[in-house]
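Here's the structure, in C-alpha cells; my notes come after.
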Amino acid sequence: MLEEVERWLTDRSWSAADRPLDQLLDRKRAAGTTVSLVLPALDEEATVGAIVEVVRRELIEGLPVPLVDELVVVDSGSADRTAEVAAKAGARVVHRDEILPRLPALPGKGEVLWRSLLATHGDIVCFVDADLRDFSAAFVSGIVGPLLTDPDVHFVKAMYDRPLGDTPGQGGRVTELVARPLLNLHWPQLAGFVQPLGGEYAVRRSLLERLPFPVGYGVELGLLVDALHTVGLDALAQVDVGVRLHRHQDGQALGRMAAAIYRTAQVRLSRGHLVRPELTQFERGPEGFVPRTYPVDTEERPPMAGIEEYALRRVA
C-alpha cells in the first residue's frame with residue numbers, strides 16, 4: 001500500500017461514534033449548513049418505509065435543529081407500493097421522470113442520483129440505498145458528520161461489514177472481484193476505501209455538481225475516481241457505521257453490475273493512470289478494519305453545473 005494511503009487511513013477513517021449527534025447539531029446550527037437525504041428507490045416497498053421512519057424519528061423530529069432538512073425518495077418507476085409507503089412514512093416522493101422532463105430518462109441508479117440534484121437544495125447531499133434492513137440512523141449521521149465538522153472534507157463513504165446470509169464478511173462480491181482490483185491496479189490512492197461501491201455516501205453539493213454521473217451501476221466508482229482527481233485524496237474520507245443488511249442480487253445481475261463498473265473504469269483509464277500490481281483487502285480486527293496487501297500474479301450524464309435548468313435555479 002502507498003505510504004500516502006497508509007497515512008490517509010489513519011487521518012481520514014473514523015467511526016460514527018467519534019462525532020456524537022449533539023456535536024453535529026451544534027456545528028450545523030452555527031454554520032447554517034443544510035442537509036438533503038436522497039433515497040433512490042425501485043420496488044422497495046418492504047424496506048423504504050422503515051428507513052424513512054427512523055430518519056424522521058431520530059434525525060428530524062424532536063431535535064433542537066434537524067440534522068436532515070430534506071428527506072426525498074426518488075422513485076425510478078416502481079411497480080409496487082414504494083411511493084405510497086414512502087409518502088405515508090413522511091418522505092417527499094418525486095418520480096424520476098418529473099425531474100428535468102425535457103431529457104428522456106435513462107434506466108439506471110446513476111440517472112436517479114444525477115436528477116436528484118435538481119430535486120433537492122441542501123449544501124450536503126447524502127445518498128442511502130432504499131433496500132437496507134435493520135436500518136440505523138448512524139448510516140446518515142456518521143457520513144454527514146465529517147462534512148459538518150471539517151471544512152477540508154468533501155466526500156465521505158460509509159464502511160461496514162456485509163454478511164452474505166449467515167456468513168460474515170462475504171457480501172460485496174463485485175467489490176472484491178472487480179472494483180477493488182481495478183482501484184488497486186489503476187487508482188492506488190483509493191486502495192484504502194473499505195466499501196468503494198457502497199451506496200451510502202455524503203458529498204458537498206459544490207463538488208457533486210461538478211462531476212459527471214455514469215447512469216448505471218458504475219456511478220459509485222465513477223464518482224469516487226472523479227472526486228479524487230477533482231479535490232484530492234485528503235478531501236475524501238470514510239466512516240465505520242457497523243453492519244449493512246440488504247437483499248443480494250443473483251449471479252447474472254452481479255455480472256451486469258460488474259460489466260457496467262468495468263466500462264466506467266475503462267472510460268477513465270483513457271486518461272492514463274499508474275498500474276500497480278498490488279491488491280489491498282480488509283479484515284475486521286479488534287480495533288477496526290485492518291488492511292492486508294498482496295501482490296497480484298457506459299453512458300454518462302454531464303456535470304449538473306452545466307445544465308440550464310440547474311443554472312437558472314441557482315440564479316433564482
Side-chain angles (χ1 to χ4, degrees), residues 8-39 47-73 86 89-92 116 120-130 132-161 193-195 198-208 227 231 234-246 284 286-289:
W8 178 87
L9 277 169
T10 300
D11 296 342
R12 286 289 187 260
S13 295
W14 297 292
S15 166
D18 292 337
R19 294 175 175 82
L21 184 58
D22 57 354
Q23 177 191 2
L24 300 184
L25 296 181
D26 288 343
R27 294 294 185 91
K28 183 175 184 291
R29 177 165 43 194
T33 305
T34 54
V35 177
S36 297
L37 173 59
V38 174
L39 276 68
T47 52
V48 68
I51 297 174
V52 171
E53 289 171 359
V54 169
V55 171
R56 290 198 61 84
R57 182 176 66 249
E58 300 187 26
L59 301 179
I60 297 178
E61 299 169 352
L63 298 177
V65 177
L67 185 71
V68 173
D69 300 283
E70 191 174 35
L71 173 52
V72 180
V73 171
R92 176 163 66 90
S116 75
T120 58
H121 297 82
D123 303 310
I124 295 170
V125 183
C126 179
F127 299 119
V128 171
D129 284 347
L132 302 189
R133 296 184 284 111
D134 297 337
F135 177 76
S136 166
F139 272 77
V140 177
S141 61
I143 58 178
V144 168
L147 298 170
L148 293 174
T149 59
D150 189 335
D152 294 327
V153 175
H154 291 259
F155 189 120
V156 183
K157 296 279 291 189
M159 57 177 168
Y160 33 68
D161 289 312
F193 277 93
V194 176
Q195 296 291 351
E200 290 68 47
Y201 46 104
V203 193
R204 296 192 191 280
R205 177 178 293 271
S206 57
L207 172 58
L208 276 178
V231 294
D234 283 340
L236 314 182
Q238 60 185 349
V239 174
D240 189 349
V241 297
V243 180
R244 186 184 196 268
L245 300 175
H246 67 117
R284 171 75 81 170
E287 298 181 3
F289 288 97

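As the structure is a computational prediction, the values presented were derived from the model and not from experiment.
Nearest approach of A158 to V241, heavy atoms of both residues: CB-CG2, 4.1 Å. Heavy atoms only, all atoms of each residue included: E200 and R244 are closest at OE1-NE, 2.8 Å. Residues A227 and L236 come closest through the heavy atom pair CB-CD2, 4.0 Å. Closest of all the heavy-atom pairs between L9 and S13 is O-CB, 3.1 Å. G198 and Y160 get closest at one heavy-atom pair: CA-OH, 3.1 Å. Across all their heavy atoms, D129 and G199 have their closest contact at OD2-CA, 3.6 Å.
Using a 4.5 Å cut-off on side-chain heavy atoms (C-beta onward), S116 and V72 make no contact. Between C126 and I143 the shortest side-chain heavy-atom distance falls below 4.5 Å. A 4.5 Å side-chain heavy-atom check between L39 and V55 finds every atom pair outside the cut-off. Side-chain contact between F139 and V54: absent, with no pair of heavy atoms (C-beta onward) separated by less than 4.5 Å. Under the 4.5 Å side-chain criterion, counting only non-hydrogen atoms from C-beta, I124 is in contact with L148.
Y201 OH to L147 CG: the interatomic distance, rounded to the nearest 0.5 Å, is 13.5 Å. Between the CG atom of L25 and the CG atom of L59 there is a distance of 8.5 Å, given to the nearest 0.5 Å. The CD1 atom of I60 lies 10.0 Å from the CD atom of E70; values are rounded to the nearest 0.5 Å. Atom CG of D234 is separated from atom NE2 of H154 by 11.0 Å, given to the nearest 0.5 angstrom.
Q195 contributes no side-chain N or O that, together with a main-chain N or O of K157, makes up a donor-acceptor pair within less than 3.5 Å. Not a single donor-acceptor pair under 3.5 Å links the side chain of D26 to the backbone N or O of Q23.
Partner of K28 under the side-chain contact (heavy atoms from CB on, under 4.5 Å) criterion, out of D69, L63, T149: D69 alone. When each of V156, D152, L24 is tested with P146 by the rule side-chain contact (heavy atoms from CB on, under 4.5 Å), just one qualifies, namely V156.
Cation-pi geometry between R204 and F155 is not met at under 6.0 angstrom from the ring centre and within 45 degrees of the axis.
Counting only residues at least two apart or on different chains, the salt bridge (Lys or Arg N to Asp or Glu O under 4.0 Å) pairs with a member in residues 135-150 are R12-D150. The side chain to side chain donor-acceptor pair (under 3.5 Å) analysis of residues 52-68, with sequence neighbours excluded, yields the pairs R56-E61.
Under 3.5 Å, the side chains of D123 and T34 contain a donor-acceptor pair of N or O atoms. Side-chain atoms of R205 and T120 include a donor-acceptor pair closer than 3.5 Å.
F193 and W8 have tilted rings, their planes meeting at an angle from 30° to 60° on a 0 to 90° scale.
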Working note: F289 + D161, criterion side-chain contact (heavy atoms from CB on, under 4.5 Å); need CA distance, chi angles, decisive distance, verdict.
CA-CA 9 Å; F289 288 97; D161 289 312; 3.8 Å; yes
